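The sequence lines fix the lettering, A, B, ..., with proteins before strands; numbering per chain opens at 1. Here the structure is a predicted model, which means the values were calculated and not measured.
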Protein chains: 2
Amino acid sequence: MQLHKRDVVEAATSLLDEYGIADLSMRRLARELDVTPGALYWHFANKQQLLGAVADRILQPVGTAEGDWRARIVGNCARLREALLSHTDGAELVSASFASGQSEAMSAVLAQLSAAATDAGVAPANADLAARTVVYYVLGFTADEQSRMQWDAAGADVVQSVWTENPSARFSFGLQLLVDGIAAHSRADA
Amino acid sequence: MQLHKRDVVEAATSLLDEYGIADLSMRRLARELDVTPGALYWHFANKQQLLGAVADRILQPVGTAEGDWRARIVGNCARLREALLSHTDGAELVSASFASGQSEAMSAVLAQLSAAATDAGVAPANADLAARTVVYYVLGFTADEQSRMQWDAAGADVVQSVWTENPSARFSFGLQLLVDGIAAHSRADA
DNA sequence: ACCTGAACACCGTTCAAGT
DNA sequence: ACCTGAACACCGTTCAAGT
């Protein structure tokens, strides 16, 4: 039976969820699909590209946010974080795909955030950087949060501090910092 | 002649500078030191720990910043970025070591930024998160900047846009956004 | 104490050849 | 067009045994 891109991405995602990013190898994935490693290279140029496709699948539920610029930034980021937390090592995988420019979905998120920053009054030349700053925060925070969560679930005694309790509130606080910065800067900018 | 931790870190750093993080393997490093791979495991528990030591070596020039809280944040970040840019894939390596909690130097930077945030009037419970947000920005921005630089140097025609021209000014803009956010938030907080 | 030899259990990628 | 077989050139880590 023919192998399709969708099946490969699907299998890769369940491998990720069950064993984590360290065990998501081309060879293991091929084994899971009852296929030779070389077969994957008919459908994907390399591992980076395949991981980019997995990232896009993970980010599918993010969609588009509505409302004023603040609501759109907060909404987008909340749903981005949620999507990342829904898969083992999701933040790490998406970070890598974002860094290598292999995730179209991340580009879409970036475009939405950039538009929101423009609406906030940030000069067009700086809107993209404001958007990226927000993305760096969400990816950094969530990767941190997720690695602590997973350590914890694995039974290690994580230092139970302000960090591990109420991560959603902490996420909001940090994000608010950026929103406030954008608001302040747009005034100085205008 | 005996192998010392310092020699290993030194050799690892020059391997990094010459060939990049992808070619910085335990086996290659051992070859460079005219030693068996197993020898490295007498001095370091694993590769992560060794990379952490390389990260600390890279971050040695960062030191401590003086002045009011704004100057300390801006100063620390500028010197952090400079240190990262001084080594091939420096931002990527330090990011990884920061994420795995293997860099004492990054913890020191975090502590300085956290103290600055506290001085700015951020509640102690939130100062660490404010500091982390700044670190996420510096690492994210610089990794991005560096990968574009290296692509460019490798002869690829990077999209010459607002991005590649005057990265220092762009870096300052994004950082100012965070500083403004901290300033705004400390008022709301107090 | 410090290192070698040798193994274990893997990797990503390529490509002629098959169907 | 799509996949196999087989190879190439590697990995990180462990550990008995040597000095």
Give the rounded distance in Å between these two atoms: [atom1] of [X] and [atom2] of [N].
| X | N | atom1 | atom2 | result |
| --- | --- | --- | --- | --- |
| Arg28(B) | dA9(D) | CZ | C1' | 13 Å |
| Gln48(B) | dG12(D) | CD | P | 13 Å |
| Phe44(B) | dC3(C) | CZ | P | 12 Å |
| Tyr41(B) | dC11(D) | OH | P | 11 Å |
| His4(B) | dA1(C) | NE2 | C1' | 11 Å |

> Taking side chain as C-beta onward, heavy atoms only, is Leu40(A) less than 4.5 Å from Leu33(A)?
Replying inline: yes
>> Under 4.0 Å, heavy atom to any atom of DNA chain C: which of residues 11-27 of chain A qualify?
In response: Ser25(A), Met26(A), Arg27(A)
> Listed in order of residue number, which residues of residues 29-37 of chain B have a non-hydrogen atom at under 4.0 Å from DNA chain C?
Replying inline: Val35(B), Thr36(B)
> Between dA9(D) and dC8(C), how far is it from one P atom to the other, in whole Å?
Replying inline: 23 Å
> What stem regions, each of at least 3 consecutive Watson-Crick or G-U pairs below 3.5 Å, can be found for DNA chain D?
Replying inline: C:4-8 with D:12-16, C:12-16 with D:4-8
> Quick one: is Trp42(B) getting a side-chain N or O under 4.0 Å of the dC3(C) phosphate, OP1 or OP2?
Replying inline: no
>> Side-chain N or O of His43(A) versus OP1/OP2 of dC3(D): is the shortest distance under 4.0 Å?
In response: yes
> Hey, which of these two, Leu3(B) or Ala39(A), hits DNA chain C nearer its 5' end, going by closest nucleotide?
Replying inline: Leu3(B)
Check side chain to side chain donor-acceptor pair (under 3.5 Å) between [X] and all other residues, then give those that pass, not counting sequence neighbours.
| X | value |
| --- | --- |
| Glu104(A) | none |
| Gln146(B) | none |
| Thr142(A) | none |

>> Under a 3.5 Å distance rule, please check whether Gln48(A) uses its side chain to pair with a backbone N or O of Gln102(A) as donor and acceptor.
In response: no
>> Testing the basics here: between Ala183(A) and Arg70(A), what is the closest heavy-atom pair and its distance to 0.1 Å?
In response: CB-NH2, 3.9 Å
>> Heavy atoms from C-beta onward define the side chain here; which of dC2(C), dT14(D), dC11(C) lies closest to that of Gln2(B)?
In response: dC2(C)
>> For the residue pair Gln2(B) / Asp7(B), report whether a side-chain donor-acceptor contact shorter than 3.5 Å exists.
In response: no
> From Phe141(A) CZ over to Leu175(A) CG, what is the distance, rounded to the nearest 0.5 angstrom?
Replying inline: 10.0 Å
>> Between Glu145(A) and Arg170(A) (salt bridge meaning N to carboxylate O under 4.0 Å), is one present in this structure?
In response: no
> Quick one: do Trp42(A) and Val35(A) end up in the same hydrophobic cluster if we chain Ile, Leu, Val, Met, Phe, Trp and Tyr together by side-chain heavy atoms under 4.5 Å apart?
Replying inline: no
> Going by the angle between their ring planes, with limits at 30° and 60°, are Tyr137(A) and Phe171(A) parallel, tilted or perpendicular?
Replying inline: parallel
